[in-house]
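The structure appears below as structure tokens.
Every heavy atom of this structure was used, including side-chain atoms; hydrogens, water molecules and symmetry mates were not. Each ligand, and each atom within it, is numbered from 1 in the order the structure gives.
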Amino acid sequence: MSQDDDVLVRIEGVYKYFPIRQGIFFKKEVARVHAVDGVDLEVRKGHTLGIVGESGCGKSTLARCVTGLYPVTRGRILFEGTDITKLSKSGLKAFRRDVQMIFQDPYGSLNPRRRVGSIIGDPFAIHGIAAGADRKKRVQELMELVGLNPEHFNRFPAEFSGGQRQRIGVARALALKPKLIVCDEPVSALDVSIQAQVINLLADLQRELGLTYLFIAHDLSVVRHVSDRVAVMYLGKISESAASEELYASPRHPYTSALLSAASVADPDLAQQRKRIVLYGDVPSPINPPPGCRFHPRCPKAQLTCTSDEPLFIVRGGDPADHFTACHFPVEPGEDLAHEHAAIDQVDTEPALPGVETGASE
Ligand code: SF4
């Protein structure tokens, strides 16, 4: 953990469960979706923490807990030392000025019937900060800051391209000079050529304004260029976290290795040489996660102990002091997991280990 002064957000033992209720007259809780299941992380001031994982791993739920949109089931989220899970309604409103979100879908997150000037000016209106000509001036300054033509103030979202619409979302998020911006898959709905422009814009704004980002993505190649640290999430838990370069150079968790083998690379020669690690089966149900290591039904390195003993999230031998991995048998340098999958190929139709049912079939 870093010095408290450096840390903007500290997530401590956070759980978020969603109850599933059944019954006609009296709804009874019959199960729970374990969306976030005991997460500890921190985001340092002026830095970017990337959170990566497949769809359904809980990363967006965690992001919404950090913004105060979802109450947590258990645990604490400290923002500049204040536990936001205990804030009153008015405290939460003040906190939301400091934390803004950029959403995944630039098409769906903008009201098509409203002019962009009015959309970007929303935060000023909600918090009663500026009105009339003053608001217009501030909105046009924001448009200029994110590379939009301020003269397009009165246009509708449909008159902008996908990348420009995401710039509108960025301008709206910057309006109140937030301390933290949560980017929830901000480029995944965009064309590849436009993704780089939006990522570069976010990086430039961070340098200019000293912003702190929590950056959610499902593709490791996307977070690589914007993140100082990366945390990999699987089925509600963090499986590995390290400084960005360290994680990409020496992944220790088999799941990270598999994600990296699937990440897009610009160099076609490198892409051709790379061996893809194929993960079999879907992510198991978060209603009834597998015992032991949650990744064991899909892991090429799984052994019997993985099916019963949950691995600790600790620094493994030889790793830097800030590289944490939850795995009993971490990947060694040069180890070929793509080759390991020769055996796993046969598991597609039967359990990965004798007598072990996959979470997907539970
Ligand atoms: Fe694979 Fe076992 Fe490590 Fe889990 S603990 S990732 S199943 S080797």
Side-chain angles (χ1 to χ4, degrees), residues 34-41 50-59 62 218 220 229-242 246-263 275-320 322-362:
H34 299 224
V36 178
D37 221 354
V39 167
D40 295 277
L41 283 174
I51 301 184
V52 184
E54 286 166 287
S55 149
C57 72
K59 55 191 189 303
L62 181 64
H218 63 267
L220 268 168
R229 276 190 76 76
V230 175
V232 180
M233 199 163 176
Y234 185 79
L235 211 54
K237 286 183 177 288
I238 304 298
S239 55
E240 182 165 11
S241 103
E246 162 72 12
L247 188 110
Y248 287 88
S250 313
R252 297 282 269 150
H253 197 284
Y255 181 55
T256 312
S257 298
L259 287 182
L260 270 174
S261 80
K275 292 179 187 163
R276 176 87 188 264
I277 302 168
V278 180
L279 292 179
Y280 286 83
D282 296 323
V283 179
S285 165
I287 296 173
N288 192 11
C293 173
R294 292 180 175 199
F295 188 54
H296 81 250
R298 304 172 76 198
C299 180
K301 291 191 64 146
Q303 299 189 29
L304 210 51
T305 187
C306 307
T307 66
S308 55
D309 299 347
E310 186 174 347
L312 295 174
F313 187 60
I314 54 173
V315 178
R316 302 285 160 176
D319 288 343
D322 62 349
H323 187 164
F324 297 87
T325 312
C327 177
H328 294 303
F329 309 104
V331 179
E332 298 299 333
E335 191 175 345
D336 184 0
L337 289 189
H339 176 71
E340 298 276 336
H341 272 80
I344 294 292
D345 276 350
Q346 297 151 17
V347 175
D348 206 15
T349 53
E350 59 186 56
L353 292 164
V356 177
E357 290 188 353
T358 66
S361 64
E362 285 172 8

N/O donor-acceptor pair under 3.5 Å between Lys237 side chain and Gly38 backbone: no
Matching residue for Val232 among Leu247, Ile51, Thr325, Ile238 - test: side-chain contact (heavy atoms from CB on, under 4.5 Å): Leu247
Nearest candidate to atom 6 (S) of ligand 1, where distance is taken over non-hydrogen atoms, out of His253, Glu310, Arg252: His253
Side chain, backbone, both or neither: the part of Cys299 lying under 4.0 Å from ligand 1 by heavy atom: side chain
From Leu62 atom CG to Asp37 atom CG, the distance as rounded to the nearest 0.5 Å: 12.0 Å
2.8 Å cut-off met by an N, O or S atom of His296 to atom 1 (Fe) of ligand 1: no
Part of Gln303 with heavy atoms under 4.0 Å of ligand 1, whether side chain, backbone, both or neither: neither
Distance-only donor-acceptor check, side chains His296 and Gln303, under 3.5 Å: no
Atom indices of ligand 1, in the order listed, that fall short of 4.0 Å to a heavy atom of Lys301: 8 (S)
Closest approach of any protein heavy atom to atom 5 (S) of ligand 1, naming residue and atom: His328 N, 3.2 Å
Side-chain heavy-atom pair His253, Phe295 within 4.5 angstrom cut-off: yes
Ligand-side contact atoms (ligand 1) for residue partner Pro254, heavy atom cut-off under 4.0 Å: 6 (S)
Shortest heavy-atom approach to atom 4 (Fe) of ligand 1 - which of Ser239, Pro297, Cys293: Cys293
Check: Arg229 and Ser241 side chains under 4.5 Å, non-hydrogen atoms: yes
Protein contact to atom 2 (Fe) of ligand 1 [nearest heavy atom, distance to 0.1 Å]: Cys306 SG, 2.3 Å
Nearest neighbour in protein (non-hydrogen) for atom 3 (Fe) of ligand 1: Cys327 SG, 2.3 Å
Side chains of Tyr255 and Arg294 in contact at under 4.5 Å (non-hydrogen atoms): no
